[in-house]
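Here is how names work: the chains are called A, B, and so on, in the same order as the sequence lines, proteins then strands, and each is numbered from 1.
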Protein chains: 2
Amino acid sequence: MKNSKVTKTKKEHINTGNAKITTDIVIFTIEDGELKILLVKRKYEPFKGRWALPGGFIKEVETLEETARRELSEETGVSGVYLEQLYTFGEPKRDPRGRVVTAAYFALAPKHLMSLSASSGAEDAKLFSVKKHPELAFDHEKIMQKALHRLQNKIQYTNLSWSLLPNAFTLSEIQAVYELIWDKKVDKRNFRKKMLTLGLLKPLSKERTGLRQRPAKLYAFKTKTYVELRRFF
Amino acid sequence: MKNSKVTKTKKEHINTGNAKITTDIVIFTIEDGELKILLVKRKYEPFKGRWALPGGFIKEVETLEETARRELSEETGVSGVYLEQLYTFGEPKRDPRGRVVTAAYFALAPKHLMSLSASSGAEDAKLFSVKKHPELAFDHEKIMQKALHRLQNKIQYTNLSWSLLPNAFTLSEIQAVYELIWDKKVDKRNFRKKMLTLGLLKPLSKERTGLRQRPAKLYAFKTKTYVELRRFF
DNA sequence: GAAATATAGTGTAAAAAATACACTAAATAC
DNA sequence: GTATTTAGTGTATTTTTTACACTATATTTC
């Protein structure tokens, strides 16, 4: 793409708006009773060898969301997940290479969609606990924290937890999702009452068996698409 | 800025991420009992002569928010208002000049900060009713609708209405702000009860007089900075 | 196979918040 | 001084939130 509209004379090319655009993806999942985030090890400078959010430069004909999905897939092998735009970071010095503006995306996936290592670029993609992770490249820590707050807020008034769970799950399992995200315990009876009266779930006629305790009823989400509620918790 | 990381061979420069960045600002105010939006008439192609959101290209060393404030000031003479990032629009064909990604901003101002025509670039800046406005350039209608939803949601759980009101106002006046934004009436007694128990307001020892009715007590916001509430309406 | 252990599952009372609803008060206009 | 306009106020009902403890049913252990 050429400089299509330079506003002033040739020397004073200050307002041309030129920049490079990337997307970076903060993708959360739950594994081993922890809220985790997917990071990739950088192969090139700057920040070579450091862990960073998956992401990369837009192509000429892609939407921003398409870039995010493509980069996520190329770098980590993950696809078909819930994805929404988070925030755009454009501080002039955020990338040592020059003016790089990043449209950050927020993503959620159940653990079974996070089968890494299956894919090409996935050798250096790994899940890390949100509470304990390596130092990140660029301003990715700031982006991650913003994504975490988005998650903590949004599960209050949406049905987004479907995107972190398998098709069938017990009430204790969905409660654990909320507790991990909020990093606090909630009351079991009140949680169940609320969750069931919201009407988002349908009971299945199966149970989670084989564990060393009373079998738990399984439930599924009625709809696995984004639903916003008037109020939630 | 050079092409610092070209992923493939030289001919196939597809992933370079090059684009131009703009910010566009959706700024709301209340005038004559209507929720209004500030638009500027375009002086150049494309969409020459059409009304559009104020905005423009980033400078090399500006943050995105600085660009938004500068463009708003240059094009409309408005400054010192509440401003937050809204969403970033990057569809490849949204601008006929080429790849232009816009970081849209959301702004609110009390009417007295909207004294247009005082400024240089303000000849072609005008307020229009949100419910009835001219056809907009680019994808600005979509951006405006997104901003309106943000506003409708955010006044539920923040103290943002301070940024649409003068320093002193009556309870009827702040109620009118909510009614205009939500485009529906609310119950007067319940509204006052809620608003006062929230503790955001302090009563002033003055009244709104000179009108042909009983004088109304004046109130002010305790803090005129962004406060998020657990719940609101 | 009895006991220990682990998690599933359930109800109620109290407090807080939301909702529905109608009349009196105090100024100006005529 | 009568009409008009908006300010200002309280209560009863319903809904939602919160706090709180025991029994049920499976597996594991001895």
Query raised in the report: Counting only side-chain N and O atoms of A/Arg192, is one of them less than 4.0 Å from OP1 or OP2 of C/dG9?
Result: yes
Report task. Write down the distance between NZ (A/Lys217) and C1' (D/dA24), rounded to a whole number of angstrom. Result -> 11 Å
Query raised in the report: For the residue pair B/Tyr87 and B/Phe106, is the inter-centroid distance of their aromatic rings smaller than 6.0 Å?
Result: no
Query raised in the report: Rounded to the Å, how far apart are B/Asp187 CG and D/dG10 C1'?
Result: 12 Å
Report task. Scan nucleotides 22-30 of chain C nucleotide by nucleotide, 5' to 3', and note B when protein non-hydrogen atoms come under 4.0 Å of the base, S if they reach only the sugar-phosphate, - if neither. Result -> B--BBBSS-
Report summary line: To the nearest angstrom, the CG-C1' distance between A/Leu196 and D/dT17 comes to 16 Å
Query raised in the report: In terms of heavy-atom contacts, does CG of A/Asn153 have more than 12 from other residues, nucleotides or ligands at under 6.0 Å?
Result: yes
Query raised in the report: Counting distance only, does the side-chain N/O of A/Lys217 pair as donor-acceptor with the main-chain N or O of A/Pro203 below 3.5 Å?
Result: no
Query raised in the report: Is the closest side-chain heavy-atom distance between A/Tyr105 and A/Arg69 below 4.5 Å?
Result: no
Report task. Mind calculating the distance between CD (B/Glu173) and P (D/dG8) to the nearest angstrom? Result -> 10 Å
Report task. Return yes if some donor-acceptor pair links the side-chain N/O of A/Asp139 with the main-chain N/O of A/Lys142 below 3.5 Å, else return no. Result -> no
Query raised in the report: Expressed in angstrom and rounded to an integer, what is the separation of B/Gln175 atom CD from D/dT9 atom P?
Result: 14 Å
Requested in this report: Nearest-nucleotide wise, let me know which of B/Lys193 and A/Asn190 is further upstream toward the 5' end of DNA chain D.
Outcome: B/Lys193
Report summary line: B/Tyr219 OH to D/dA7 P, in whole Å, measures 12 Å
Query raised in the report: What integer distance in Å separates B/Phe191:CZ from D/dG8:C1'?
Result: 14 Å
Query - Test: A/Glu74 and A/Arg70 ion pair at under 4.0 Å - result: yes
Query raised in the report: Can you find a side chain N or O atom of A/Ser172 that sits less than 4.0 Å from OP1 or OP2 on C/dA8?
Result: yes
